[in-house]
Trainee: 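Got a structure here, written out as structure tokens. Questions coming.
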There are 2 protein chains.
Amino acid sequence: MIDKHLLKLRARDDISADEEAAIRSALGETIMLPADHTFISPGTLLEHSTLVLDGIVCRYKDLSNGQRQITELHVAGDFADLHSFTLQYLDHSVMTLTPCRIVRMPHKALTAITEQYPHLTRVYWFSTNLDAAIHREWELSLGRRSAIQRIAHLFCEMQLRLSIVGLASERHFDLPVTQAVLAECLGLTPVHVNRVLKELRETGLLEFRSGRVTILDLRALRNMADFDPTYLYLERKRPR
Amino acid sequence: MIDKHLLKLRARDDISADEEAAIRSALGETIMLPADHTFISPGTLLEHSTLVLDGIVCRYKDLSNGQRQITELHVAGDFADLHSFTLQYLDHSVMTLTPCRIVRMPHKALTAITEQYPHLTRVYWFSTNLDAAIHREWELSLGRRSAIQRIAHLFCEMQLRLSIVGLASERHFDLPVTQAVLAECLGLTPVHVNRVLKELRETGLLEFRSGRVTILDLRALRNMADFDPTYLYLERKRPR
DNA sequence: CGTCGGTTTGACTGCGTTCAACTTAGGTGG
DNA sequence: CCACCTAAGTTGAACGCAGTCAAACCGACG
């Protein structure tokens, strides 16, 4: 059930059997959520964090004029709001983009983990820092990359993140979101996303149709996007 | 010496005398760094984190074509790279923008803190999550705000963050950086930053001259920027 | 007084937006 | 089974914000 979560954690650090057991016993019941459902709003006091078992979830912030910026996408195995453990309330919303299966971890259980499992605490701290690293990379995209580079980069990121949890190959993965959602991730308009997707298709780099991505030339795509996976911290510089 | 750091922490949570002592005893010697000095590069294994005592520091990421995006500004009282404790190496660079006084905290000392001070551990975890919240707000700026809103927003943020550590009033604060640095924060060109600063000056909102900011109308500035300080987590929703 | 980094201004360009119309795909009910 | 509806995707034309390029200005400092 939480195998994808463990795959994600173990891609970055060792998790002992004891720690795995501690994680399992900290989780509550599994919940299904419909698509397009905002389940966390800014400022609400939170008492548990949300682990995504299946589906796509996003964090987003609104501007008063109705514009929206998605700040991160979450896939199976990710905590969507582990940071709410220390923050207590969030500065952003969290919503499902597809139907999702989630499971909750009470903050009380996380407090117990911080008191009994220092290493696992650091693993989860790491996990929120990984989210921050993704935020930084998106800042770079939003601030400095062209539209075509931004789109290419997002697909590179999702391909790699999904492959860690066994949901992507080098050529294919599902990303069942609309072009409008991509636009909200990338700081673009849906119309322009559409035009750029056409360009990517016509130059033989990538196809995106009805939520399915086909990467035609991964090397060229990464090159065009200036994709450097360092920020996903998949390289272990030394064994712990 | 670390009074600004304590001011920052205590603006968000209670820090006991024991915890304050633990922080003090974890710190190494004070170091002076010149301006425009990159002291952390991506991928380098790090064994201590850097607390800024004085001056302005930034995190930045480079694109292969030489373009640069600053992802966060750090002021006195901030750790510039507390996240390196769990990440071990960083995905970005860290540099001084002014001459800086810094002090280092060995990661070994932080490990000891995580093993002996669960609450202080959560405080520092919170601190890295606050950095992530700032990243998200910058994503919103870079993705959806106009140039004039972005600039106004950055000044609103710095005014509030600096006021917490006693370095800003409602009308004045020092931000001794060039317009080119602002451009690198905001995803704009220096030329356009210059034009927008002129516009802010002429509409009587704000003046920025030789590193000194004069806010002429804070309410109007915040309104124009759509500034909502929630993301700086200065509101304590319940006493701990 | 000359140099250099930083700021300012002008003219022109272009990437991405805006607005609007049309197409396509999927789902629903007669 | 098909008419209808709606959300999503596609395309075209015109616009505008910010970029680009280049030159002039300014102040600090040798």
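In what follows, every chain begins at residue 1, and chains take the letters A, B, ... in the order their sequences are listed. Just so it is clear, the structure is predicted and the values come from calculations on it, not from any experiment.
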Trainee: So, does A:K198 get its side chain near the phosphate of D:dT10, meaning an N or O under 4.0 Å from OP1 or OP2?
Mentor: no

Trainee: Return yes if a side-chain donor-acceptor contact under 3.5 Å exists between B:Y60 and B:E72, otherwise no.
Mentor: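 No, because no side-chain N or O of B:Y60 sits under 3.5 Å from a partner of the opposite role on B:E72.
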
Trainee: When you measure from the side chain of A:H48 to the backbone N and O of A:P106, does any donor-acceptor pair fall under 3.5 Å?
Mentor: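 Here the side-chain-to-backbone pair does not exist.
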
Trainee: Using the ring of each side chain (for Trp, its six-membered ring), is A:Y231 parallel, tilted or perpendicular to A:F227, with breaks at 30° and 60°?
Mentor: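 Rings of A:Y231 and A:F227: perpendicular, as their planes differ by over 60°.
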
Trainee: Any side-chain N or O of A:Q179 under 4.0 Å from OP1/OP2 of D:dT10?
Mentor: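 Yes, within the criterion.
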
Trainee: Just call it for B:R209: base, sugar-phosphate, or nothing, with non-hydrogen atoms closer than 4.0 Å on any strand.
Mentor: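 No contact.
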
Trainee: Would you please indicate yes or no on a ring centroid separation below 6.0 angstrom for B:H74 and B:F79?
Mentor: no

Trainee: May I ask you to verify if any side-chain N or O of B:N194 is less than 4.0 angstrom from the OP1 or OP2 atom of C:dT8?
Mentor: yes

Trainee: Which letters describe nucleotides 11-23 of chain C, given B = protein heavy atom under 4.0 Å from base, S = only from sugar-phosphate, - = neither?
Mentor: B----BBBB----

Trainee: Side chains of B:W138 and A:H135: does their closest heavy-atom pair fall under 4.5 Å?
Mentor: no

Trainee: Below 3.5 Å is the cut-off: list the nitrogen or oxygen pairs between protein and nucleotides 28-30 of chain D, distance only.
Mentor:
none

Trainee: Is a side-chain donor or acceptor of B:T96 paired with a backbone partner of B:P34 at a separation under 3.5 angstrom?
Mentor: yes

